[in-house]
Amino acid sequence: MTKFFNKRAPYLFVSPAILLLLMFSIIPILIAFVISFTDMSLNGLADFSLIKFVGVANYVKVFQDPIFVKALGNTVFYVIIGVPLVIVCSLGLALLINFGQNKVFSFFRLVFYSPSITNVVAVAVVWAYLYNPQFGLFNYLLKLIGLQPVPWLQDPIVAKISLILLALWRAIGVNMIIFLAALQGIPKAYYEAAELDGANARQRLFHITIPMLKFATFFVSVTTLIGWIQFFEEPFVMTQGGPLDSTTSLALFIYRNGFQLSKFGYAAAGSFVLFVIIILVTLLQFRIQRKQEETEL
Amino acid sequence: MKKSVLLSLVSVAVLGILLSGCGKKASSSGSESKTLNVWAMGDEAKVMPTMAKAFTKETGIKVKVQALPWSNAHDKLLTAVASKGGPDVVQLGTTWMPEFQKAGALEDMSAYTDKYNNLKSENFLPGAVRTTKYDGKFYGTPWVSETRVLFYRTDTLKSVGYDQAPQTWNELKDAAKKLSARGKDKYGITIDMKEQSLGFMFARQNGSKLITNDFKDPQFNKAPFTEAVSYLSEFIQKGYAPKADLGMDVSQTFTGDDPIVPMFISGPWMITAVKDTAKGIDGKWAVAELPKGSKNNISSLGGSDLTIWKYGKNKNNAAKFIDFMSTKKNQLKFMKLSNDLPALKSAWKDDSLAKDPYLSVVGKQIKTAMPMPETPKFEELAQSYLKHFESIAVGNADVKTEMNTFNDEAKTTLQSN
Amino acid sequence: MKEKTVGQKWIVGVILAILGLIFILPLVWMILSSFKTESELFTIPPTVFPKHFTWDNFNKLFTSFNFAQYLKNTLIIVLFSFFGMFLNAMAAYGFAKFKFKGKNFLFFIVLATMMIPGQVTMIPVYLIMNSLGLTNTMAGIILPGLVGAFGIFLFRQFISTISTEILEAARLDGASEWFIFWHIVIPICKPILAVQGILTFIAGWNSFLWPLIMANDDKYYTLSVGLSLLKGQYASNYALQMAGSTFMVVPIIIIFMMFQKYILQGFNVSGMK
């Protein structure tokens, strides 16, 4: 009897969550996948008999859309610069905050988490002021030290970097507290042993702390990557994709072309292109992680 | 081991019972079929219950108003269409009319106009009626409306030689030029590069038809349209208007002895905003009808219509409710409660509008104002237009080439389903 | 770690303080702006402290909607999302510490649900709810957000670091799987429970789209939906919005302060895997 239940145990643990996900995520995703091969629009939604299957036409069209291609390029730019920055900065910050354990340092946790809980309108207003080309704080400071003003949101490349900075500022908080939680799991005995062996702070960081944070780092890098490939809110709020689509991300493209215009088939096709990209990248991350584990053993 | 199974089963069961309990409670109370369900948006929804109470008092019909935020009302309407459910009466923004009409979500109201006199289309502003009329039938009743006018600082304009507002396109540009010559970081006017209707409105003033009557052929590379685009982009290229959003509102750009931007084009809600937030300029600003282009000075019209939702079950009562909302008395009452302007012609003759120094100007402008082309594709065209306009105004692209591309794209959009 | 000198602490403290200012400023601005008039909100350079201190925005806020009802709904959602958090933890334990057929595939399917924009599935989910008769019910509002891949993944990563020997020892002592989960795994997970608890609270507290989509009646609206009603078609009252956001953020700060001390209270029993 015991054995029987032991075999069943994992299924019992996972089944409530899996059933809910199946119902409200996986089946809807499959439906959306079918929709991506149709010409569904608002008319089709009102009368299902009007929906026509169009094969892969939506997918072909997406890749022929110059703005989609541009958005793809922009997204790659965001991801390549943004993701490593988020990981390094939130880990660095977590280490700094972990340095002291008193009340002041615990207040810092809230401080660095605060961007995540600030209303996005307030964020947009304040940052729009910082980035304002004529009257903004950043350009005012540059002028004080005798430098030329920077077109923060007006130049195609600078605008992308400005949005990355903003997104970085917003993303650090959550990842920082995840790293902080992970840091508590490292047994103090390891550090004590290392100290006895005469290891310095740097050696302890690279040979104990960072390896021990492997699981948290993997989580942060996978979710950050997924999040940044779906980069949306910052360009949506700050630039609406401008100037001249130089900040349009894939997710913004899908939102604008699909949902604002009720072209559900087209939007679904765009979303599945995004989906495939994310799956491939995530699979790659899992493979790399497994390789690392093997070499460690 | 049994305990673990039991516990996890129990927890799922408890969840199920709790949730289904919540479910039952709700469905039993939500099915009073005699109640009229009304969906209203944002601000309007806040004062709708007051109107509904008066309606219930008069007719005995209960009304339930559900407020939807503007930002996500569209999603909510989509799900209502998808499930063939929803309310009896819906307030629809005029720009949403074409798509929901085409999807068959709106009831043809022609049948009710005989019975309910207030619904007759000739009672309403002609521009507003256009947003409800498709193939000779009426799919809604105009309710609140707005139109764009010119806001300007009388004192600053006087300082560059304009004793009254610019009357023509040439005067507008000349005034803007002189105003921008006041110094660094001073401009003549704002040309909002995110405002969808602006370019189409100016093109219309220059005699452009925008799109042929069958909504198949765009006229965006024809002279009337391209000239208007050149005219507008020059303001930005020559520095008469800011190249990028200044990031300030009227409380800063429109105030002071030497305002940063002394002219802008916007809707009646800005009258309240200027009165409330722009301090110290009482008597130094005014609104005026738009300057005349080569053909006319037609402004763009927006607002909301009241519609009978096709999937509703109380259509006759819905018509009765809309009829009630369309009387002069109630249109004026609603204006008082919400600050929204009426769509009923006779309401505009009331002293509260006709004698008001600002609103009377809006009243004159709105008589001829026209909505944007009544096609579900307009949003897509407008997005594409803004992009090409940005290329021209900021990127210095050639007007002819850009407008040719825009026209081709628009043609594909319009001729696809 | 005894060698951390007071000097080092000061240096780190100063670096954090300077960085921190940049981080917290928008929040401070938001809170203080809720006491400003609309015209003061958009001045450049922005004022930090209100020139004309006013309670108007809050007065308007509390009189303009059915506050008690919305608060009740929001709290119900928060309550159930904490229940959902334990379902996430259970699933994570299953994925982290058991070997079973199809595990990797199943886990990847779970992750896949994070990889697609939410709007794509909005209408399908609504239609499923509609066919189950769950529209316009509390159940319909709660169920779609009850579990999530992010939470399962996060718990799984942390449970993976718990040494298997401890669990095996407990099994040999005859402990049930449920007992092991509840009395060994959960206590060790305290820091990450605190993190996930904060995130769960925020998500439930701010829930917006599903309550709006599912409800055919104001009585199921949440606070966030109520706040979003304050915006007009053309004009948006920003000062009022700031007051609303300030009101919404205070409970989050309290919860954060309450939970964050548990982030530093893990059982130090984990070892290398």
task: Select all residues of residues 379-392 of chain B having any heavy atom within less than 4.5 Å of some heavy atom of chain A, and report them by number, or 'none'.
output: B/Glu379, B/Glu380, B/Gln383, B/Lys387, B/Glu390, B/Ser391
Ignoring hydrogens and angles, write down the donor-acceptor pairs under 3.5 Å from the side chains of residues 149-159 of chain A, residues two or more places apart or on other chains.
from: A/Trp152; atom 1: NE1; to: A/Asn139; atom 2: OD1; distance (Å): 3.0
from: A/Asp155; atom 1: OD2; to: A/Ile157; atom 2: N; distance (Å): 3.1
from: A/Asp155; atom 1: OD2; to: A/Val158; atom 2: N; distance (Å): 3.1

task: Return yes when atom NZ of A/Lys70 has more than 12 non-hydrogen atoms of other residues, nucleotides or ligands closer than 6.0 Å, and no otherwise.
output: yes
message: Tell me if the CG atom of B/Asp135 is crowded by more than 12 foreign heavy atoms within 6.0 Å.
response: no
task: Indicate the atoms forming the closest heavy-atom contact of A/Ser262 with B/Leu78, along with that distance.
output: OG-CD2, 4.2 Å
query: So which heavy atom on B/Tyr311 is nearest to which on A/Ala46, and how close?
result: OH-CB, 3.8 Å
statement: Heaviest contributor of heavy-atom pairs below 4.5 Å to chain B, chosen from A/Leu42, A/Leu19, A/Asp245, A/Ile67, is A/Leu42
query: Can you name the side chain to side chain donor-acceptor pair (under 3.5 Å) partners of A/Asn257, sequence neighbours left out?
result: none
query: Quick one: what part of A/Phe264 sits under 4.5 Å from any heavy atom of chain B, side chain, backbone, both or neither?
result: side chain
Part of B/Lys243 lying under 4.5 Å from any heavy atom of chain A: neither
field: Engaged part of B/Ala244 at the chain A interface, taking heavy atoms whose separation is under 4.5 Å
entry: side chain
message: Return the NZ to CG distance between B/Lys84 and A/Leu45, rounded to the nearest 0.5 Å.
response: 6.0 Å
task: Under the side chain to side chain contact (heavy atoms under 4.5 Å, CB included) rule, collect the residues that match up with B/Asn72, sequence neighbours excluded.
output: B/Asp75, C/Phe208, C/Leu209, C/Leu212
